[in-house]
There are 2 protein chains.
Amino acid sequence: MATAAAKNAIPNPAPAPQPKKRWSRLRALKRIIQLGAVGAVGYASYVVYQNRHPTEQKQFDPSKRTIVLLGTGWGAVSFLKKLNTDDFNVIIVSPRNYFLFTPLLPSCTVGTIELRSIMEPIRFITRHKSRNVKFYESECTDIDPESKTISITDVSDIKGAVSNTTIPYDYLVVAIGADNQTFGMAGVREHACFLKEIWDAQKIRTRLMDCVESAGFASQTPEEVSRLLHMVVVGGGPTGVEYAAELHDFLKDDLQIWYPELVDKLRITLVEALPNVLPMFSSQLIQYTERTFKQNNIEVLTKTMVKEVADKEIKVMDANKNMVSIPYGLLVWATGNCPRPLARKLMARLKEGGQSSPRGLLIDEYMRVAGAQDMYAIGDCTFTKYAPTAQVATQQGLYLASVFANLARIERGENRKISPFEYTHQGSLAYIGSDRAIADLPFLNGNVSVGGVATYVFWRSVYISNMFSFRNRFLVVGDWVKSRIFGRDVSRE
Amino acid sequence: MATAAAKNAIPNPAPAPQPKKRWSRLRALKRIIQLGAVGAVGYASYVVYQNRHPTEQKQFDPSKRTIVLLGTGWGAVSFLKKLNTDDFNVIIVSPRNYFLFTPLLPSCTVGTIELRSIMEPIRFITRHKSRNVKFYESECTDIDPESKTISITDVSDIKGAVSNTTIPYDYLVVAIGADNQTFGMAGVREHACFLKEIWDAQKIRTRLMDCVESAGFASQTPEEVSRLLHMVVVGGGPTGVEYAAELHDFLKDDLQIWYPELVDKLRITLVEALPNVLPMFSSQLIQYTERTFKQNNIEVLTKTMVKEVADKEIKVMDANKNMVSIPYGLLVWATGNCPRPLARKLMARLKEGGQSSPRGLLIDEYMRVAGAQDMYAIGDCTFTKYAPTAQVATQQGLYLASVFANLARIERGENRKISPFEYTHQGSLAYIGSDRAIADLPFLNGNVSVGGVATYVFWRSVYISNMFSFRNRFLVVGDWVKSRIFGRDVSRE
């Protein structure tokens, strides 16, 4: 089209000078935009092509040391991405053969985003390393720091004749994440839904629609309708808050249209033991969140401790120390982390070496596990002065890759020192519903706290730019557009 | 852009006549295309807006007769879409609160298309009817033609205090579909995957990746690798053939890239008891399919009967009457239909009224169930001279809606006759892998048989145009583009 317009201008012998200037400037702008668009599409095509056409990889080299990496979460994957596999053989052990972009998991519970859009198969990463990386989809059940071996077992439904084995390591990187904290309370694992893995989000989505459909069953009693449509979230951290926010959006944007007879009876309650939600945010943002939740009819019960969990109700001690029973249809439990059985086993084994905390593996500033040789740990399985966030795990993973780069240099006879790990906080973000988000961002030596619709746009762009692959970015943006245009799906899968 | 070019042409005082004519014609074409695009986008926006903004509905009218509709499949939904709810109250009972576009289910087993893209929530349809349509997500467990009531039960995980009840009907429409045919063979339900529902496709997708990952487990034995990577499909009808075809594409397009060490060991075998696959197609297309499968290394075992199904192998009697044992990793069972328990119960009850076939409900040419009053049946739960296909069920559903329109007219005192049901075969289509499809199309009084890449494009466009909603069309096309650009996901969910 541009060519047609340009050629057409050639036989023009005596145009008025004013329009020409204006038009030529406009035309130049148009050209620049067109060239930019062509360039962007070209670059994107190149990236996509490269991603789908990995090159030949070097084979395992017996003369190199072998790193066994446990996990495929934030810490493990950022470590893997940065690690130079020219210097090491790498074996990954994890029950999940994909990386999961956990911050967007609450959006998946109601279908704002589809789960597959925030999953990145681990092979999409390992196949692009210079050396072949082995991946065993299995769970590490034991670590023996003496013999430097680990035991792995295939925990999936389909097993081969060999489903248990031991693997030796030269270096071990423990990045297994954490388990859901239940405070040892009976009934939580049985009746509540967590929000950590793919299957958790799927279960919540199914149960939510199940509650709605069961409430709509022929001649259901009013008390049961009220119970089934009561969605209770325990835990006022970012996960609990974002889940409540997404649930509210789903209610307002979608259930309102398709289940008009039920939507007024649906209630959302957030239960938090502390005096307020989101303790990591500044106080004006906490107030802003609580105000927004009030507008959105999300009831927030602070200073409220869950004491018992049964299949249709929880018993809580409220702010006035009264025991109250809260009937629920769906219970989501997001009260933070506790160590996984494997981490606990390892901690017990290394107790004399200095593993004295029940809250996670103790590591030094170089990510070395206290009391063990050639063993490193990063992310939520460790207990450090930092919060157990994706941000910390990522920075630890990147740092650990540089530790290994240094080890390789030392191996080659170069003598260089590496400085200890330092965490740089990039800020805290949370989505609070109705197209509003909040952000606490470190700025110069102070802190900027913002909340609202603009922050929501910022929240989205930060998440998109933090996704590891172009593919995931494209898929998530596609899902956002899709759910904006067509609404969310209300099928019970 | 067009405006800029057009305005620029105005001060042009003396252009050569030739170019002007050519350019003005080109420009007119450009305008037409632009207007067309704007119109298409405008129309699409209007449709999407309308779909998401259903209007107020009339309430149930006690003076009108009540139709109870069992099912949300092809027959039920096409009936529902065409039925005029001004004339009747409608209650739908189905354990699935969505319509499923079953012909694309094989594509979902490997991620060419995502499951949610071929699901249409039933409320997206019922909310647009003129009168409120009640939907109970539950299973009909019994039909009593004497008292004209049905018993329903909530079979989902979450139940309210009321989870069983009976509902009276004035008219009953049975569109419950069929069960998977297992020929009463032990082990099939336990070890094989069917391909009829959402969860079947999900299970296959999970198991497939599970087989691949278990084959890649540390020091797996060669025999086990060979077994785990043997994908066996029983049944050479369109479902089995299309599944084998999709599996081959996944192998070639995706596993080849990400699991290069395993892909050569992956084998696909199709087992069929008859002398050839796809008996409903013309012989040259059968040969074309078998040739394509041979090129694609899909082994086809015809005249081979499955005799036993165990957890890791099946025993078959081959074409030479020898018993052979075939080890498998994944077994997909697609051998057709048999009546559901509810249909069998009803058939037994109406035996004296004329229900003499064990293969399904007998109906007359007006869809009336033999031996019952005010009861109709359509689709795969019936046994007629037609094949149990989506095409037949759809036409029966549409026809039945006109039967009810006639009933309403008779009610109003008009006296009109309706002609009996006649099925118009639109043709048979199947995807056979490597971007090739086959089609048998009735043409004038003959038949046109075509196969190849062009037919594949035709296959896609037929499916897209047969989807019930603009939303599903958009989603499926989006998925096709996505999997073409980025490849399929290899995560084990």
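Atom set for the values below is all heavy atoms of this structure, side chains included, hydrogens, waters and symmetry mates excluded. We name chains A, B, ... by the order of the sequence lines, and we start the count at 1 in each one.
- Contacts of Arg207(B) with chain A are made by both backbone and side-chain atoms, with heavy-atom separations under 4.5 Å.
- Within the 4.5 Å cutoff, no side-chain heavy atoms of Glu224(B) are placed close to those of Val162(A).
- The residues Lys134(A) and Glu261(B) are annotated as not salt-bridged, no charged nitrogen and carboxylate oxygen being separated by less than 4.0 angstrom.
- In this structure, chain A has a heavy atom under 4.5 Å from the side chain of Tyr136(B), while its backbone stays farther away.
- Looking at Val490(B) and Phe250(B), their side chains come closer than 4.5 Å, going by heavy atoms from C-beta outward.
- For Glu197(A), no part lies under 4.5 angstrom from a heavy atom of chain B.
- Proximity to chain B is absent for every atom of Asp311(A), based on heavy atoms less than 4.5 angstrom apart.
- Residue Leu475(A) touches chain B through its side chain alone, counting heavy-atom pairs closer than 4.5 Å.
- Rounding to the nearest 0.5 angstrom, the gap separating the CG atom in Asn472(B) from the CD atom in Glu120(B) is 4.5 Å.
- Contact of Phe99(A) with chain B is not made at all, since no heavy-atom distance falls under 4.5 Å.
- When Tyr98(B), Tyr259(B), Phe486(B) are compared by the number of non-hydrogen pairs under 4.5 Å with chain A, Phe486(B) comes out ahead.
- Note: Arg116(B) leads Arg116(B), Arg127(B), Arg492(B) in heavy-atom pairs under 4.5 Å with chain A.
- Distance CD1/Ile92(B) to CD/Glu137(B): 12.5 Å, rounded to 0.5 Å.
- Contact count against chain A (heavy-atom pairs under 4.5 Å) is highest for Glu493(B) among Glu493(B), Glu114(B), His53(B), Met119(B).
- In this structure, Ile122(A) and Ser94(A) have side chains that are not in contact, with every pair of non-hydrogen atoms separated by 4.5 Å or more.
- Of the listed residues Lys312(A), Met209(A), Lys159(A), Arg227(A), the one with more heavy-atom pairs under 4.5 angstrom with chain B than any other is Lys159(A).
- Of the two parts of Thr153(A), only the backbone, made up of N, CA, C and O, holds a non-hydrogen atom closer than 4.5 Å to a non-hydrogen atom of chain B.
- Contacts with chain A were tallied for Ile485(B), Asp254(B), Leu115(B), Thr221(B); Ile485(B) has the most, counting heavy-atom pairs under 4.5 Å.
- Under the 4.5 Å side-chain criterion, counting only non-hydrogen atoms from C-beta, Gln202(A) is in contact with Gln202(B).
- Neither the backbone nor the side chain of Glu223(B) comes within contact range of chain A; no heavy atom of the residue lies under 4.5 Å from a heavy atom of that chain.
- A salt bridge links Lys482(A) with Asp479(A); the closest basic N to acidic carboxylate O contact falls under 4.0 Å.
- For the pair Phe135(A)/Glu213(B), a side-chain contact is recorded, criterion being any heavy-atom separation below 4.5 Å from C-beta on.
- You'll find the side chain of Asp200(A) stays beyond 4.5 Å of the side chain of Cys193(A), heavy atoms only.
- Of the two parts of Asn164(A), only the backbone, made up of N, CA, C and O, holds a non-hydrogen atom closer than 4.5 Å to a non-hydrogen atom of chain B.
- For a residue to count as touching a neighbouring chain, one of its non-hydrogen atoms must lie under 4.5 Å from one of that chain's; by this rule Asn51(B) touches chain A with the backbone only.
- Counting heavy-atom pairs closer than 4.5 Å to chain A, the top-ranked of the candidates Gly478(B), Ser219(B), Ser469(B) is Ser219(B).
- Taking 4.5 Å as the limit, some side-chain heavy atom of Leu208(B) sits within range of a side-chain heavy atom of Met231(B).
- Contact annotation for Leu228(A): only side-chain heavy atoms (C-beta onward) come within less than 4.5 Å of a heavy atom of chain B.
- Interface remark: Val48(B) contributes side-chain atoms only to the contact with chain A (heavy atom separation under 4.5 Å).
- Here the CG atom belonging to Asp157(B) is positioned 9.5 Å from the OG atom belonging to Ser214(A), to the nearest 0.5 angstrom.
- Contacts of Phe124(B) with chain A are made by both backbone and side-chain atoms, with heavy-atom separations under 4.5 Å.
- Chain B forms more heavy-atom pairs under 4.5 Å with one residue of Asp489(A), Ile91(A), Val93(A), Ile198(A) than with any other, namely Asp489(A).
- Neither the backbone nor the side chain of Tyr49(A) comes within less than 4.5 Å of any heavy atom of chain B.
- Between chain A and the options Asn132(B), Ile167(B), Ile152(B), heavy-atom pairs under 4.5 Å are most frequent for Ile152(B).
- When Ser163(A), Ala215(A), Cys211(A) are compared by the number of non-hydrogen pairs under 4.5 Å with chain B, Ser163(A) comes out ahead.
- Taking OG of Ser117(B) as the start and CZ of Arg471(B) as the end, the distance is 8.0 Å to the nearest 0.5 Å.
- At least one side-chain heavy atom of Ser491(B) sits less than 4.5 Å from a side-chain heavy atom of Asn97(A).
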